[in-house]
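Just so you know, these numbers use all the heavy atoms, side chains as well, and skip hydrogens, waters and symmetry mates. Just follow the structure's listing: the first ligand is 1, and inside any ligand the first atom is 1. It should be emphasised that the depicted structure is a prediction, and the values quoted were computed from it without experimental measurement. When a residue number appears, it is its place in the shown sequence, counting from 1.
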Amino acid sequence: MSKPILEIEHVTVSFDGFKALNDLNFSMSEGELRVIIGPNGAGKTTFLDVITGKVQPTLGIARFKGHNLSKRSEHAIARLGIGRKFQTPRVYLNLTPRENLELSCNRSKNVVSMLFRKPPPAERRTVGGLLETIGLDHKADIPAALLSHGEKQWLEIGMLVAQSPDLLLVDEPVAGLTDEETTKTGELLLSLAESHSIIVIEHDMEFVRQIARQVTVLHEGSVLCEGTMDEVQNDPRVIEVYLGDPNASQHAA
Ligand code: ADP
Ligand code: MG
C-alpha cells in the first residue's frame with residue numbers, strides 16, 4: 001500500500017446532540033479512486049464538509065497528507081491541495097469554457113485584468129489540454145450558458161483540476177444527467193484518477209459500477225462496510241440498509 005493521503009480517526013460531528021457522523025474511521029491511499037455510497041442521511045455530505053473544513057469535528061481528527069485539518073479554514077485546506085465539486089455547477093455562464101478555465105488557473109489574479117490579457121503559452125497549453133480532457137474543445141469559445149447540464153458539470157470538473165488539487169472531492173456528479181452523459185462522466189473521472197486521488201459520492205449504482213474499485217458504504221454516520229462493488233452489494237448488512245430506505249433501494253435497483 002502506498003501512504004495514506006487521507007486519514008479520518010474517530011470523527012464524530014454532533015448537531016445539537018444528533019450525530020451526523022458517529023466515530024467514523026476512514027483511510028485512503030494516494031492515487032486511489034474511492035466511491036462512497038449510503039442511504040439518504042447517512043452522513044456523506046457531512047463527511048466531505050469535515051474534509052474541506054466547512055464543518056469542524058466535535059471529536060476525532062482528520063488528516064490530509066499527514067496535516068491535522070482541525071482549526072484550519074476552508075481556504076487554508078483548499079491551499080493544502082483539496083478541491084471540491086458541489087452538486088450544482090458553479091461556472092460563469094456569460095464566459096466561455098476557455099475563459100472559465102483560464103480564471104481557474106489564475107485564481108489569485110484580478111478577474112477583469114485576466115479577461116483583457118493574452119494568456120502566456122504555457123497556460124494556453126494547459127487550458128487546451130483541459131478542454132480536450134473534458135471533451136469541450138469544440139465548444140471552447142461559446143458562452144457556457146449554451147452548454148448542456150452535463151457539459152457544465154465537465155467544465156466545473158475541469159475548473160477544479162485547473163487548480164491542481166491532489167485530492168478531488170466530487171458530490172453526486174451524475175444527478176440529472178442523461179445516460180450518455182453519465183457514461184462520459186465516468187470515463188472522465190477514470191482518466192483523472194490516473195493522476196489524482198479522488199473521492200466520489202454517488203447514488204446511481206450503474207455509474208458506481210462503471211467507475212468503482214473500492215467502495216465505502218456509510219450508514220448512520222459510520223462506515224458499514226468496504227470492498228469491491230460485488231462484495232458490498234452482496235453484503236447482507238448493505239442489502240438490509242438499502243431495503244430499509246425506499247428511496248435508496250429505488251436507486252440501487
Ligand atoms: P447524506 O449526504 O448522506 O444524505 P448528510 O451528511 O447531508 O447526509 O446528513 C446526515 C444527517 O445529518 C442528516 O440526518 C441531516 O439531516 C443531518 N444534518 C446535516 N447537516 C446538518 C446541520 N447543519 N444541522 C443539523 N442536522 C444536520
Ligand atoms: Mg448529501
Listing, residues 216-223 side-chain donor-acceptor contacts under 3.5 Å, not counting sequence neighbours, or none:
unit_1 : atom_1 : unit_2 : atom_2 : d
Thr216 : OG1    : Arg34  : NH1    : 2.7
Thr216 : OG1    : Glu226 : OE2    : 2.9
Ser222 : OG     : Asn22  : O      : 2.7

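- Metal site remark for the Mg ion (ligand 2): Asn40 contributes no N, O or S atom at a distance under 2.8 Å.
- Judged by distance alone, the side chains of Gln153 and Thr185 never bring a donor and an acceptor atom under 3.5 Å apart.
- With respect to Arg98 and Asp137, no salt bridge is recorded, no charged nitrogen being found less than 4.0 Å from a carboxylate O.
- Look at Arg213 and Glu32 and you find no salt bridge, because none of the NZ, NE, NH1 or NH2 atoms lies under 4.0 Å from a carboxylate O.
- For the pair Arg63 and Leu6, the minimum side-chain heavy-atom distance is 4.5 Å or more.
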Please tabulate, one line per pair, the protein nitrogen or oxygen atoms found under 3.5 angstrom from a nitrogen or oxygen of ligand 1, with distances to 0.1 Å, or say none if there are no such pairs.
unit_1   : atom_1 : unit_2 : atom_2 : d
ligand 1 : 2 (O)  : Thr45  : N      : 3.0
ligand 1 : 2 (O)  : Thr45  : OG1    : 2.9
ligand 1 : 3 (O)  : Ala42  : N      : 3.2
ligand 1 : 3 (O)  : Gly43  : N      : 3.0
ligand 1 : 3 (O)  : Lys44  : N      : 2.8
ligand 1 : 3 (O)  : Lys44  : NZ     : 2.8
ligand 1 : 4 (O)  : Gly41  : N      : 2.8
ligand 1 : 6 (O)  : Thr45  : N      : 3.4
ligand 1 : 6 (O)  : Thr46  : N      : 2.9
ligand 1 : 6 (O)  : Thr46  : OG1    : 2.6
ligand 1 : 8 (O)  : Gly43  : N      : 3.2

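- Considering every non-hydrogen atom in both Pro173 and Leu189, the closest pair reads CG-CD1, 4.2 Å.
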